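So the structure is just underneath, and the comments pick up after that.
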Amino acid sequence: MPELPEVETVRAGLERHVVGRTVGTAAILNPRAVRRDLAGPDGFAAAMVGRTFLRAERRGKYLWFALDDTEALLAHLGMSGQLLVGDPGRPLSPHVRARFTFDDDGPDLRFTDQRTFGHVMLVPLVYPGDESRVVPAPIAHIAPDPLEAAFDPRAFAGRLTGRKTQLKRALLDQSLISGIGNIYADEALWRAKLHWARPTETLKPAEVSRLLGAVREVLTEALEVGGTSFDALYVNVNGESGYFDRSLNAYGREGQPCGRCGTPIRRDAFMNRSSFSCPRCQQAPRRPGPSG
DNA sequence: ACTCCCCCCTGTTAGC
DNA sequence: TGCTAACAGGGGGGAG
């Protein structure tokens, strides 16, 4: 379940192990991995040969390598995507979807993805709106994430309370604030003592800043321990797990006591998935937001 | 313009 | 024991 802390952990690993190196060969082992690339598997692979990874960057859950001033290799890990760096001679696992070797004959890069929700593509770099930062064209509509300099807390507060929806839906909307998924949404809401169904238009300024503080806290703390791993589906570029699952207060803890008040954590069906919260610390709104 | 819901996919687990 | 169904969930795209 790669969200911002997991993707950032992967990005940092790629910066260390891949940046500065030049692609020798590129192979697409499953065409679905490049389904969003207009050039198709063969065109994509051919266009990648000889390109040098100049920088490893990230916004929210997307990461990319700048290849020059105008193009980038964009990647999204989806649910189960991994970018693994290792001995080019090691066995090829059945879930490897794309493989890049380098002209220095060093460690190769493998995009591995059991459930194939992730993808990679070669894309143009553009300036979105009034921002100073260059980003890949397909993600120009994604909002800055709360850990980057371009994030504007006041603009976020205004757009959040201007919506007519439930708070958790808004937190998961990458065009409003990026990098947050189901796990960290539940964790941030628990910390801020806010209910997932709270109508966004009723949020007070103090509640919004409490929420943003909780979001930044939980993302930062998870990042410090390498992200959250429940199983082998999320690992860093060396195949190692993160440790934040030990620090979860709400997510996945149905029936277990709330760390603050002891009330059993409750699980609600939400958007075809689950929402975990403390029924006592996180008071349900009298009138839930739309689609509650 | 904004909000919402379905669907893409595979491996694991719960339940009958 | 063996099958089926539910579940995990990010986000694109289309419906409303």
Side-chain angles (χ1 to χ4, degrees), chain A residues 1-8 10 28-38 58-64 74-83 93-98 111-121 123 129 135-143 145 156 158-189 196-201 219 222 227-235 241 245 248 250-255 267-276 288-292:
Chain A
M1 313 54 196
E3 303 180 29
L4 188 154
E6 293 77 29
V7 178
E8 173 57 23
V10 171
I28 298 302
L29 289 80
N30 183 328
R32 203 176 132 75
V34 289
R35 64 190 177 281
R36 305 194 66 79
D37 193 300
L38 298 176
R58 183 190 56 74
R59 164 164 285 178
K61 303 169 194 171
Y62 283 90
L63 61 84
W64 67 91
L74 178 65
H76 193 286
L77 303 178
M79 241 301 281
S80 56
Q82 307 173 336
L83 285 163
S93 99
H95 298 310
V96 175
R97 311 303 184 193
F111 176 60
T112 299
D113 189 8
Q114 178 188 101
R115 294 177 57 192
T116 72
F117 279 17
H119 62 98
V120 294
M121 62 195 303
V123 299
V135 300
I139 66 162
H141 65 291
I142 299 292
D145 68 60
F156 167 71
R159 292 187 64 205
L160 176 68
T161 53
R163 298 230 169 164
K164 284 194 184 299
T165 189
Q166 298 175 338
L167 179 52
K168 186 169 169 182
R169 287 178 185 276
L171 280 182
L172 295 176
D173 184 342
Q174 306 297 302
S175 66
L176 181 62
I177 181 171
S178 67
I180 304 170
N182 205 35
I183 298 171
Y184 297 112
D186 280 2
E187 291 303 305
L189 289 168
W196 55 268
R198 178 72 179 273
T200 47
E201 72 267 27
L219 294 178
T228 304
S229 304
F230 296 111
D231 48 40
L233 284 187
Y234 161 70
V235 291
S241 297
D245 59 312
L248 295 175
Y251 186 85
R253 298 193 68 244
E254 181 181 17
R267 174 183 163 184
D268 293 297
F270 172 83
M271 289 172 78
N272 284 332
R273 53 199 68 160
S274 298
S275 224
F276 299 91
S291 274

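Residue numbers start from 1 in every chain, and the chains themselves are labelled A, B, ... in the order their sequence lines are given, proteins ahead of strands. Predicted, not measured: the structure shown is a model, and the values here were computed from it.
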If I take atom CE in residue A:Met79 and atom P in nucleotide B:dT12, what distance separates them, rounded to the nearest angstrom? 12 Å
Measure the distance from CE on A:Met271 to C1' on C:dA6 and round it to the nearest whole Å. 19 Å
Is any side-chain N or O of A:Arg35 closer than 4.0 Å to OP1 or OP2 of B:dC8? no
Does the side chain of A:Arg163 come under 3.5 Å of the side chain of A:Thr200 through a donor N or O and an acceptor N or O? no
Between A:Ser80 and B:dG11, is there a contact of a side-chain N or O with OP1 or OP2 at under 4.0 Å? no
Between the side chain of A:Gln174 and the main-chain N/O of A:Gly179, is any donor-acceptor distance below 3.5 Å? yes
A:Asp145 and A:Lys61 ion-paired at < 4.0 Å: no
Scan A:His119 against the nucleic acid and name what it touches under 4.0 Å (heavy atoms): base, sugar-phosphate only, or nothing. nothing
Comparing A:Asp173 with A:Arg97, nearest DNA chain B nucleotide closer to 5' gives the residue A:Asp173
Between A:His76 and A:His119, what is the ring plane arrangement, given parallel below 30°, perpendicular above 60°, and tilted in between? parallel
Starting at the 5' end of DNA chain C, which residue's closest nucleotide do you reach first, A:Arg267 or A:Pro138? A:Arg267
Nucleotide nearest A:Asn182 (side chain, heavy atoms from C-beta), chosen from B:dC9, B:dC4, C:dG10: C:dG10
Per atom distances to the A:Arg32 side chain, the nearest of B:dC8, C:dG13, B:dC5 is B:dC8
Between the side-chain atoms of A:Arg273 and the base atoms of C:dG10, is any donor-acceptor pair under 3.5 Å? yes
Could you state the CG-C1' distance from A:Leu176 to B:dC4, rounded to the nearest angstrom? 15 Å
To the nearest Å, how far apart are A:Tyr62 OH and C:dG11 C1'? 6 Å
Please give, in whole Å, the distance from B:dC9 P to A:His76 NE2? 17 Å
Roughly how many Å is it from CZ in A:Arg163 to C1' in B:dT3, rounded to a whole number? 9 Å
Does the A:Glu8 side chain pair with the main chain of A:Pro5, one donor and one acceptor, at a distance under 3.5 Å? no
Is a side-chain N or O of A:Ser175 found less than 3.5 angstrom from the main chain of A:His141, in a donor-acceptor match? no
Would you tell me if any nitrogen or oxygen in the side chain of A:Thr165 comes within less than 4.0 Å of OP1 or OP2 on B:dC4? yes
Considering only B:dT10, B:dC4, C:dG12, which nucleotide approaches the side chain of A:Gln114 most closely? B:dT10
Helix axis bend for the helix from B:dC2-C:dG16 to B:dC16-C:dG2 - C1'-based end axes, five pairs, 10° rounding: 60°
Salt-bridged, A:Arg32 to A:Asp113, with N to O below 4.0 Å? no
May I have the distance from A:Ile180 (atom CD1) to C:dG11 (atom P), rounded to whole angstrom? 12 Å
Quick note, A:Lys61 side chain, CB onward, closest among C:dG11, B:dT3, B:dG11 is C:dG11
Test item: A:Glu3 side-chain N/O and A:Gly181 main-chain N/O as donor-acceptor pair under 3.5 Å: yes
A:Arg115 CZ to C:dA8 P: how many Å, rounded? 10 Å
